[in-house]
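Structure, as structure tokens:
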Amino acid sequence: MGNRDVADLLENIANLLEIRGENPYRVRAYREAGRHIANMAEDINKVAEAGRLQDIPGVGESIANKIREFLTTGRLAYYEDLKRQVAPGVSQLLEVPGLGPRKAQEINRALGITSIAELEKAAREHKLSKLPGIREKTEQKILREIERLQQRTRRILLGVALPAAEEVVNLLKVHPQVQRIDPAGSIRRMKETIGDIDVLVASTKPVEVMDALCSLRIVKEVLAKGTTKSSILTRANLQIDVRVIHPDEYGSALQYFTGSKDHNIALRDIAIRKGLKLNEYGIFDVKTGRRLGGETEEQVYHILGLRWMPPELRENRGEIEAAAKGKLPKLIEIGDIRGDLHVHTDWSDGTDSLDDMVEAALERGYEYVAITDHSIGLGVARGLSVERIREQRRIVDQLNRKYAPFMILHGIEVNIRGDGTLDYDDEVLAEFDIVTASIHSGFGQPREKITARIIRAMQNPNVDAFNHPRGRLIGKREGYAVDLEAVIREGAKRGVAIEINSQPDRMDLDDVWARRAKELGATLVIDTDSHSKGQLDFIRYGVAVARRGWLERSDVLNALSLKDLLKRLHPARMAA
DNA sequence: GCCGTTTTCGGCCCGACTGTTTTCAGTCG
């Protein structure tokens, strides 16, 4: 029973209470508590054992008791009761946009409908419009939404959404009536997945901007077009919502539409206590109604007594308290990254040559790059034999003479076998400039076994980093079961860096765990795991995870200069 | 149900939109 289970339990309770039409603040209390637990890296069992459940924001006596019961017995009587009181399937109806708890409950009560399929049938037979508060239009809307629901794609990877948003931004920003333009929402916060792609424009001629948007060459279909807000479908089938704001209101609008929702709620709470009112049009004095600001985000935060903060922090995970005390972290930036330490070539499963990958790293302005092809055990990826390693080493040495002072580190992504041993003997591993270790098989092993296996690998003194620690592929594969806390502690103890893998479908570690790793004293390394030249640009996604995890330059191995990096990896060699 | 530089009780973010309404409830972001 882990954090996820508890968070899901609380969210489910909130949903059931909502359907029952309970006090909305009680519903929100469960939702809040669940969200904080989902955002927490520390194991809830440990927190419970230490009697610190009520230290979790949003968890009071009542919820703490329920969590304790759930953790010790595996079930919760209160939740079982609740489930019995709510007809099964009603919560499914809530998935239809436009149907909230009230209407869903009414539809279920009056017609006995418990699934979306039944709902669709009833709507077609015009049975819904006999109910109070529902007429022809609502019925039609429900049918449309069900249809959309069936063909809707789920959340989009940041690595897909961000380039799409940037394309629209770049095409529109040359328009003479566009004064400012930015991606907003979860894209601006650089969340690993994105629901809606939002773009914000500052202009005094919104209609002209809307016309320009809808006639862009990337537009496949105009889904909605208004005077200040339009939605387009791109040729890549991505929906992008664009809104135009008056330049005087751009700061408060950008703040508002960047979110997160929780962050904004907390800000407005501060505003209320100060006798102020905050909305997308500005920040106002409640008594006089006078507008105090809103042209820039900085203004909004300053009037609330806070420092401006990077969007990546705005998740209501303590950033507001930190901003009030002037204790915001100085987040790592993409320019702090001095090199990439996890890169593949066509020697194993990459598509570009060693030379090309090195050239691409140089072009990025790096001081170094580590070539880390796969080891022999990974047959599918053409893992290198010992002979091939030595051959590759000779070529790396040649290239190093050519490109000095830029340095190519000869590395390896060594496979951790089922028992925790590594693919090569220690003598072979000792020849590399950097050894990174990964799991590529045995994902189904029990948690204890995988954890022990990884820790054994980390205890090999040749290992410098542990790659994509959770083994997840977003939307495709859950990570393996592992006690990450123990793995990270081991890394901190042995000086093994923990990777933030920048591949858009990995983002592994994620933001929550990156922050926890910092707390536990581990060093992180932000890598792209590139399999082609272009993928070196993925580094910005890894940096985004790091920033969302509150990391600073000093937390990151490859923010070190080449000299300091070599000192860190090979203190003995450097002394010699 | 939670929480406290107003409070241990009485608040709890704000505005827009839609459809159903003759003044507002429900839903959403």
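Everything numeric here is computed off the predicted structure, so don't read it as measured data. Residue numbering restarts at 1 for every chain, and letters A, B, ... go by the order of the sequence lines.
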Check your understanding: Under 4.0 Å: is that the gap between some side-chain N or O of A/Arg31 and OP1 or OP2 of B/dG1?
Key -> no
Check your understanding: Taking for each residue the nucleotide of DNA chain B bearing the nearest heavy atom, is the 5' side occupied by A/Leu99 or by A/Arg28?
Key -> A/Arg28
Practice item. May I ask you to verify if any side-chain N or O of A/Asn279 is less than 4.0 angstrom from the OP1 or OP2 atom of B/dC14? Key: no
**Study point:** Validation row: A/Ile156, A/Ile197 side chains within 4.5 angstrom (heavy atoms)
**Key:** yes
**Study point:** Gap in Å between the two P atoms, one belonging to B/dT23 and one to B/dC17, rounded
**Key:** 23 Å
Check your understanding: Counting only side-chain N and O atoms of A/Tyr25, is one of them less than 4.0 Å from OP1 or OP2 of B/dC9?
Key -> no
Review point. Looking only at side-chain N and O atoms, does A/Lys274 come under 4.0 Å of OP1 or OP2 in B/dT5?
Key: no
Exercise for review: Counting heavy atoms from C-beta on, name the nucleotide in B/dC14, B/dT20, B/dG1 closest to the side chain of A/Tyr30.
Suggested key: B/dG1
Check your understanding: Under 4.0 Å between a side-chain N/O of A/Thr138 and OP1 or OP2 of B/dG19, yes or no?
Key -> no
Point to revise | Test applied, salt bridge (charged side-chain N to carboxylate O under 4.0 Å, His left out); reference residue, A/Glu297; option that passes from A/Arg180, A/Arg314, A/Arg307 | key: A/Arg314
Practice item. Go through the N and O atoms of the side chain of A/Tyr256 and the base of B/dG29, and report whether any donor-acceptor pair is under 3.5 Å. Key: yes
Review point. Taking the side chain of A/Lys277 as its heavy atoms from C-beta onward, which of B/dG26, B/dG15, B/dC2 lies nearest to it?
Key: B/dG15
**Study point:** Distance between P atoms of B/dC9 and B/dG15 (Å, rounded)
**Key:** 31 Å
Review point. Between B/dT20 and A/Arg135, is there an OP1 or OP2 to side-chain N/O distance shorter than 4.0 Å?
Key: no
Check your understanding: Over how many whole Å does the gap from A/Glu18 atom CD to B/dG26 atom P extend?
Key -> 12 Å
Check your understanding: Counting only distance, no hydrogens or angles, is the base of B/dG29 paired donor-acceptor with the side chain of A/Asp196 under 3.5 Å?
Key -> no
Review point. Where the side chain of A/Tyr281 is concerned, which of B/dA16, B/dC28, B/dT20 is the nearest nucleotide?
Key: B/dA16
Check your understanding: Given B/dC2, B/dG29, B/dA16, which nucleotide is nearest the side-chain atoms of A/Lys261?
Key -> B/dG29
Review point. Among side-chain atoms of A/Asn264 and A/Gln255, is any donor-acceptor pair under 3.5 angstrom?
Key: yes
Review point. Watson-Crick or G-U wobble partner for B/dA16, using a 3.5 Å limit on both distances?
Key: B/dT27
